[in-house]
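Everything below concerns the one structure shown next.
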Amino acid sequence: MKAFLWDKIPVMILLLQVLITPVYSQNILINGDFETFSTLPTTQGQIVNATPWQNVVLSSDYMNTTYAGWTPNIGGAYSGTGFAGFATYGNSNGSAEAIGQSISGNPLLPNVQYNIKAYAKMTSAPAGGFGNYTDICGGLTLYGFTSQPVIGTAGIHTNSLPGATLLWNSDSVYSTAWNLFEGCFQSPATINYLVVTLENIPGCRQYVFVDSLSLTTSNLVVDLGPDTTLCTGDSILLDMSASNGTYIWQDGSSQPTFNVTQAGTYWVQVSNDCGTDTDTITVSFAAPPTVSLGNDTTICQGQSLLLDVTTTGATYLWQDGSNTPIFIVSQTGIYWVQLTTGGCTASDSLLVLVVDPPLVLFGSDTTLCQGQILNLTMNASGGSYLWNNGNTTSAIQVTQSGTYWGQSINQCGTSVDTIVVDFTLPPVADLGSDTTLCQGGQVVLDVTGNGYTYTWQDNSTSSSITVTQSGVYWVSVSNDCGTVSDTVQITFDQIPVVSLGADTTLCDGDDLLLDVSGTGSSYTWNDGSSASQFLVQQQGTYWVTVTSGTCTGGDTINVTYNAIPNVDLGSDTLLCDGDIITLSAGVPGGSYIWNDNSDSSFLSVSQSGIYFVEVFLGNCSARDTVVIDYEDCEVVLVLPNIFTPNDDGFNDMFVPIESKGVASLEAFIFNRWGQELYSTQLLNIEWNGESKSGGSSPDGTYYYLVKYRDKKGNLYEQKGAFRLNR
């Protein structure tokens, strides 16, 4: 049975990936990444700063991230920081910006195949002022010249220059993201000067950025590698995808890869713009060796295990680096071996445990204190255990007195031992919690126990003491299992002194505040409330208990109430001159004092003033006040017999000629047919001659009815006729 993380050392799976790549020479173009410049660009149109590029037609643009002018528009270089920009303008001659450089030191040669690569992208519009140059026009173009053309800024296309030869034209540049444009061409002559621009498409307007421009010689070479032998179960992947071409395998398939899992001969033909090539490979398979170290095993201490994997024609590798076919094991560990025959490898491993014979040794019989634990352990690696209580674990915990034995057995032998264990209780010293008593009380501290010795704080040695005074008390108790101590704080508190005062009598409506503040720490009144004050508002017996610490005091008071005399002189009164009013304050059993110091139960009043009386009944009194006013009570209301509502500012309203003593009124005006034209509660009436419908009343006779009251509330009524003349 395997007891570790692997059963076999993994056999290496051979994955052979054969790539087809054009063999390129060094880049013919110098500074194709536009990273080298003589001066940092500060604006567009500075291609001359990129060494050794030149403006050929118009002013091409060289940008670098150190110049922030177009950064939001271009989004960064494909690689590094620099790149160039070209524009195809929309005029009739299809003029475009162009850059070039001399390659006379490494010219293109006739009939030689060349590979060109460039990364290009459109600019985004309209940022950077190039919103007019975002058509999808055409692709990049490469022109060759046998000698350097005349360089200028004329508004023409490069193909108009004398001696221009079109070497390569890419697909259209259609995306604002960087895309790779690549192709192959054969040079028609010796080319000493190269020019890069955009395709000549009149009427089209586009701006394109170019980066990582390279031109190299190209030779297509397909190599599947040497014939090979694999181990059974391995495979080899033949991968031609790097050629970016078309493929024909021996079975007619056309994928760029072919996975070989069987012996045979395999070939592929690869074609791309740079040519066609074919290669063949023969693949054979060999069976791996067989190796087995057997199952995981256990041996006793002092024994050894022989591992023998002898195989004809094999080489060996053990976990310790040795390379013999035999390995002797005498220690616990994981052991593995790797065999190789005919280029194929197999491996195996096993776990070996070296076991000691069992050992049971409990030591001498012992005495422990109660609460201690004795751990008894037996050792029998890979074996079994048995205790006197039937337990079968390797260890037990002893917490009670008794005789204990254990037996341990494994494949290497048997061992038995016995031990007697006794437990003694440790001393106990418990004086209880800190205690507070009331003055005059006492408490007994008792720690009596069998076999104990005692020492108190006053050096007394009895098992208990009686405490009657405040203080800190401690005791130390000892026996064979040690010494323990305890301490307690005993406090005697004074009983609080509480006084609610003598029993008392109050008048109805009076309050009595009972206040015991500062006499203790907590309070309980007869109604269960716990404030330090209590407001008495009705007759009854009231008591309070006051607690200070653990001590309680209290007091009781009886409160009675007498009725307050009911005195009512009535409401404030307005009288007419000459009237007399009698104010009565009669209360059975009462005595009186009026504002004029008279002591009768009544008072006659005949003039204006403020009058009050105080009535006494027992120890309670009550007082009332009334205001008496006098005035002329004559009532006069005189109304006109004619008014002229002609807006001349004189006699335009029907209003009273004289009004005296009128407190309120209600007036009505009718025409001769009894129709109500106007009503009001205004004291001045104020009719302007219009009816309720809003129209002007004609000249004629009209009638009024006025109901009014004086200040005493007497009701009067007056009727009459009057004339309306406009």
Side-chain angles (χ1 to χ4, degrees), residues 1-7 292-307 319-320 327-336 348-431 447-454 463 475-486:
M1 179 179 196
K2 305 297 181 182
F4 34 92
L5 298 178
W6 64 89
D7 289 336
S292 176
L293 293 178
N295 295 326
D296 297 342
T297 188
T298 301
I299 61 176
C300 296
Q301 188 68 43
Q303 295 179 340
S304 61
L305 176 65
L306 178 67
L307 302 178
Q319 77 289 330
D320 64 349
F327 195 91
I328 298 176
V329 176
S330 60
Q331 295 181 353
T332 295
I334 297 174
Y335 297 85
W336 58 263
D348 193 21
S349 61
L350 85 162
L351 171 66
V352 178
L353 298 176
V354 178
V355 178
D356 292 326
L359 177 62
V360 179
L361 185 61
F362 296 149
S364 303
D365 296 342
T366 187
T367 299
L368 304 176
C369 292
Q370 192 69 37
Q372 293 181 319
I373 296 174
L374 177 63
N375 292 307
L376 299 179
T377 303
M378 295 187 290
N379 177 23
S381 178
S384 62
Y385 311 94
L386 179 62
W387 297 88
N388 57 289
N389 60 0
N391 196 311
T392 58
T393 60
S394 62
I396 63 171
Q397 290 185 332
V398 177
T399 59
Q400 296 180 354
S401 299
T403 299
Y404 297 85
W405 62 263
Q407 174 181 278
S408 176
I409 302 174
N410 70 4
Q411 67 186 53
C412 298
T414 300
S415 180
V416 179
D417 195 15
T418 301
I419 187 173
V420 177
V421 181
D422 288 322
F423 283 88
T424 298
L425 290 174
V428 176
D430 184 7
L431 297 178
V447 290
T448 302
N450 292 328
Y452 292 176
T453 59
Y454 316 93
S463 62
V475 67
S476 177
V477 181
S478 302
N479 74 355
D480 291 340
C481 284
T483 300
V484 294
S485 299
D486 195 22

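Hydrogens, waters and symmetry mates are skipped; everything else that's a heavy atom, side chains included, is used.
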Counting heavy atoms not belonging to [X], are there more than 12 under 6.0 Å from its [atom1]?
X	atom1	result
Asn450	CG	no
Leu306	CG	yes
Gln331	CD	no

Inset, instruction - Evaluate the criterion side chain to side chain contact (heavy atoms under 4.5 Å, CB included) for residue pair Thr424 and Thr367; output intermediate values, then yes/no. - result: CA-CA 7 Å; Thr424 298; Thr367 299; 4.0 Å; yes
Under a 4.5 Å cut-off applied to non-hydrogen side-chain atoms, are [X] and [Y] in contact?
X	Y	answer
Val484	Val428	no
Asp417	Trp405	no
Cys300	Pro357	no
Trp336	Asp348	no

Distance, nearest 0.5 Å, that separates [atom1] of [X] from [atom2] of [Y]:
X	Y	atom1	atom2	result
Asn410	Ser415	CG	OG	10.0 Å
Thr298	Gln303	OG1	CD	10.5 Å
Leu359	Met378	CG	CE	11.0 Å
Asp422	Thr403	CG	OG1	8.5 Å

Legend entry - Distance-only side-chain donor-acceptor flag, Ser330 / Ser304, under 3.5 Å: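 Checked: Ser330/Ser304 side chains show no N/O donor-acceptor pair below 3.5 Å.
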Inset, instruction - Could you name each residue pair satisfying side chain to side chain donor-acceptor pair (under 3.5 Å) that touches residues 475-485, not counting sequence neighbours? - result: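 Counting only pairs at least two positions apart or across chains, the side chain to side chain donor-acceptor pair (under 3.5 Å) contacts touching residues 475-485 are Ser478-Thr483.
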Legend entry - Heavy-atom pair with the smallest gap, counting every atom of Pro426 and Tyr452: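 That closest heavy-atom pairing would be O-OH, 3.7 Å.
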Legend entry - Aromatic plane relationship, Phe327 with Tyr335 - under 30° parallel, 30 to 60° tilted, over 60° perpendicular: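 Rings of Tyr335 and Phe327: tilted, 30 to 60°.
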Legend entry - Among Leu307, Val354, Leu350, side-chain contact (heavy atoms from CB on, under 4.5 Å) partner for Val329: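 It is Leu307; the other options fail the test.
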Inset, instruction - Check each of Asp430, Val447, Thr453 against Val477 using the side-chain contact (heavy atoms from CB on, under 4.5 Å) test, and report the only one that passes. - result: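 Result: among Asp430, Val447, Thr453, Val447 is the only option passing the side-chain contact (heavy atoms from CB on, under 4.5 Å) with Val477.
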Inset, instruction - Would you please indicate yes or no on a ring centroid separation below 6.0 angstrom for Trp387 and Phe362? - result: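 Centroid separation for Phe362 and Trp387: below 6.0 Å.
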